[in-house]
Amino acid sequence: MAAPARARFVHNRSRRRADEDDSDDEGHQRQDASSSSSSDDDGGEEEEEEMEVEGSDEEEEEAVADEPAARESPAAAGRGGRKGPITISLKKVCKVCKKTGHEAGFKGAVYIDCPMKPCFLCKMPGHTTLTCPHRVAMEHGVIPAPRRNTNTSLDYVFQSQVKGKISMVKPRFLVPNQLECGNIKFHQRRVTCLEFHPTKNNVLLSGDKKGLLGIWDYVKLHEKITYDSVHSCILNSMKFDTANDGVLYTASSDGTISSTDLDTGIGAPLLNLNPDGWSGPSTWRMIYGMDLNTEKGLLLVADSFGFLYLLDRRSKERIGQPILIHKKGSKVTGLHCNPAQPEVLLSSGNDHFARIWDTRKLDPKSALASLAHGRVVNSGYFSPRSGNKIMTTCQDNRIRVWDYIFGNLESPSREIVHSHDFNRHLTPFKAEWDPKDYSETVAVIGRYISENYNGVALHPIDFIDTSTGKLLAEVMDPDITTISPVNKLHPQDDILATGSSRSIFIWKPKNEVDPTEERTSQKVKEYVYGSGSRKKPNGKHDNSSDDDSDGGGGKSKKAKKTRFTHTAKGKGKSKA
DNA sequence: ACGCAATGACTCC
DNA sequence: TGGAGTCCCTTGCG
């Protein structure tokens with residue numbers, strides 16, 4: 001039983017685990033204006049006792065059990081005669097749980113969690129991210145889930161039939177860790193997807209939340225094109241027509257699939273799920289999942305109501321009726337055709353499932369397998385060569401790996417705890433395979449929670465060995481202080497493309513690695529600050545020294561903003 | 001330096 | 001089942 005998938009991460013306010021709140025008593029900040037000003041809506045604290053300035057306040061049973069009725073009262077009291085006394089709270093209140101005695105938020109570059117909440121990383125109660133056993137630390141990889149398929153007959157099948165197809169020799173692994181170039185003026189809104197051109201080696205395509213399509217030659221940096229008329233809102237997915245790589249298929253939340261001629265920018269709609277226009281969010285269909293069955297010339301598209309559509313690529317005709325592949329009314333977040341057997345389809349959805357289908361025999365009940373997850377599944381991909389593995393990214397902060405799709409799929413072969421939480425303002429994180437990795441183990445994914453790197457809170461891009469859960473490398477740069485949810489590895493070259501907020505970055509390996517050397521964990525952190533050419537971010541930054549400052553806002557340290565417009569070759573030069 | 005908005009899943013009633 | 005309210009590490013702008 002896929003027990004972990006069942007885990008409910010209830011945020012139980014009445015739970016009182018005060019065990020972990022050690023360190024919250026040293027840096028006494030001024031009290032946060034924002035939290036006090038919100039006294040009208042946050043319930044709980046009744047008037048009078050607010051006046052205590054600080055101090056031991058652990059035992060506040062009542063504060064937890066705040067009555068909803070009491071919540072409404074201040075406003076009602078305000079206009080309804082009974083004038084509540086105006087109180088000014090001078091005691092420090094946790095902005096998360098509104099209790100005193102601790103404070104959540106950044107202290108310098110370190111984020112202090114609210115100890116009343118489950119761990120922000122693994123979602124288990126009783127500790128915070130700072131002490132989480134799954135925490136990504138300098139020398140420790142992500143810890144794999146203990147459960148593995150061991151010694152079953154399926155393992156025998158796996159060993160005898162599949163393993164041979166997967167190279168056990170891990171190839172030389174170069175971490176693209178040096179910022180080659182970047183561009184922060186390309187997109188006006190956050191980047192939502194990236195794709196390398198399949199044949200033009202240095203061309204990267206990008207889509208953003210506004211529907212803008214960007215084409216960028218990151219070697220000839222002046223060659224940039226944007227097409228803003230392809231879609232009217234979020235560009236969710238891009239696929240090349242393998243028979244004609246001058247044509248790009250794009251899927252959007254505007255409910256259309258477009259095939260765009262990359263030379264002219266002229267797009268022809270292949271499918272429009274909202275032919276009658278806008279009549280409210282309850283009927284507006286958005287498209288997130290799309291893939292191409294190249295053998296059959298079949299375009300597979302899924303909407304935000306759980307339906308799958310099949311489309312003949314050439315005739316542009318729909319094939320059959322839409323088929324419900326996920327819970328009715330729920331978003332299908334992604335589709336992927338098996339690279340070895342294109343008729344096998346993997347779908348992932350907001351209904352907390354990923355499903356495997358045979359597109360030749362589609363019926364709502366005909367899923368070959370349903371893979372249960374703890375929360376929304378952001379993405380699911382077959383492994384890029386053999387197609388025998390599945391990797392999913394789920395909003396419960398776990399990457400799940402199934403080693404053999406024809407084996408026992410009841411529970412994943414591995415769960416890798418990794419911070420890639422859902423945040424409505426971010427493009428969803430998706431762990432992506434390295435297409436160059438014969439052994440089908442390396443994956444790349446951005447990290448949500450920050451780490452303190454020499455006084456700067458940065459969000460690295462993680463390379464993970466999915467066969468062990470080990471963290472192979474973490475890539476970051478002091479100039480990139482934003483989260484990087486979108487990452488794509490080049491199909492042939494050692495290049496990483498990153499979409500971070502509105503910016504796009506290209507990374508290349510800094511050092512040649514001895515080809516005979518086994519893949520090892522590379523300390524990219526050392527690179528970041530170890531090289532003499534780099535400035536330490538410390539003294540440079542805006543206001544504050546390392547420890548307080550943050551007040552209400554996180555992001556204590558913003559590294560100096562660097563504009564990579566053109567000709568940003570290598571790091572140093574690009575800086576003004 | 002602060003306030004705010006954009007905006008999606010989830011929970012609770 | 002549905003609508004309102006809530007929400008922890010966002011980001012950029014005014």
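Reminder, nothing fancy here: chain letters follow the sequence lines and each chain counts from 1.
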Would you indicate what [X] reaches in the nucleic acid, counting non-hydrogen atoms under 4.0 angstrom: base, sugar-phosphate, or nothing?
X: A:F120; value: base
X: A:R502; value: sugar-phosphate
X: A:S501; value: sugar-phosphate

Open item on the list: Taking C:dC8 as the reference, what is the distance to B:dC12 when you measure between their P atoms (whole Å, please)?
Closed with: 14 Å
TODO: Write down the distance separating the P atoms in C:dC13 and B:dT7, rounded off to the nearest Å.
DONE: 15 Å
Whole-Å gap separating [atom2] ([N]) and [atom1] ([X]):
X: A:H459; N: C:dC8; atom1: NE2; atom2: C1'; answer: 13 Å
X: A:W284; N: B:dT7; atom1: CH2; atom2: C1'; answer: 17 Å
X: A:I234; N: B:dG8; atom1: CD1; atom2: C1'; answer: 10 Å
X: A:R190; N: B:dA5; atom1: CZ; atom2: C1'; answer: 13 Å
X: A:K99; N: C:dC8; atom1: NZ; atom2: C1'; answer: 17 Å
X: A:K327; N: B:dA9; atom1: NZ; atom2: C1'; answer: 12 Å
X: A:N397; N: C:dC8; atom1: CG; atom2: C1'; answer: 12 Å
X: A:K328; N: C:dG2; atom1: NZ; atom2: P; answer: 12 Å

[X]: what forms a ring pair (Phe, Tyr, Trp, His ring centres under 6.0 Å) with it, not counting sequence neighbours?
X: A:H231; result: none
X: A:F120; result: A:Y448
X: A:Y381; result: A:H336
X: A:F463; result: A:F173

Looking at the side chain of [X], which of [options] is the nearest nucleotide?
X: A:V376; options: B:dA9, C:dT10, C:dC8; value: B:dA9
X: A:S450; options: C:dC9, C:dT11, B:dC10; value: C:dC9
X: A:T482; options: C:dC9, C:dC8, C:dG12; value: C:dG12
X: A:Q395; options: C:dC9, B:dA9, C:dG12; value: B:dA9

TODO: Report the residues that fulfil salt bridge (Lys or Arg N to Asp or Glu O under 4.0 Å) with A:K488, sequence neighbours left out, ordered by chain and then residue number.
DONE: A:E195, A:E432
Task: Close approaches to DNA chain C from residues 421-430 of chain A, in residue order (heavy atom, under 4.0 Å) - done: A:N423, A:R424, A:H425, A:L426
TODO: Look only at the side chain of A:S237 and the backbone of A:D291, and say whether a donor-acceptor pair between them is shorter than 3.5 Å.
DONE: no
Task: Salt-bridge contact A:D421-A:K123 (side-chain N to carboxylate O under 4.0 Å) - done: yes
Open item on the list: Distance to the ring centre below 6.0 angstrom and angle to the axis at most 45 degrees; does that hold for A:K224 and A:F186?
Closed with: no
- [ ] Using heavy atoms to find the nearest nucleotide of DNA chain B for A:R189 and A:K331 separately, return the residue whose nucleotide is more 5′.
- [x] A:R189
Open item on the list: Is A:K209 close enough to B:dA6 that one of its side-chain N or O atoms is under 4.0 Å from OP1 or OP2 there?
Closed with: no
Task: Short side-chain N/O contact from A:N350 to OP1 or OP2 of B:dG8, under 4.0 Å - done: no
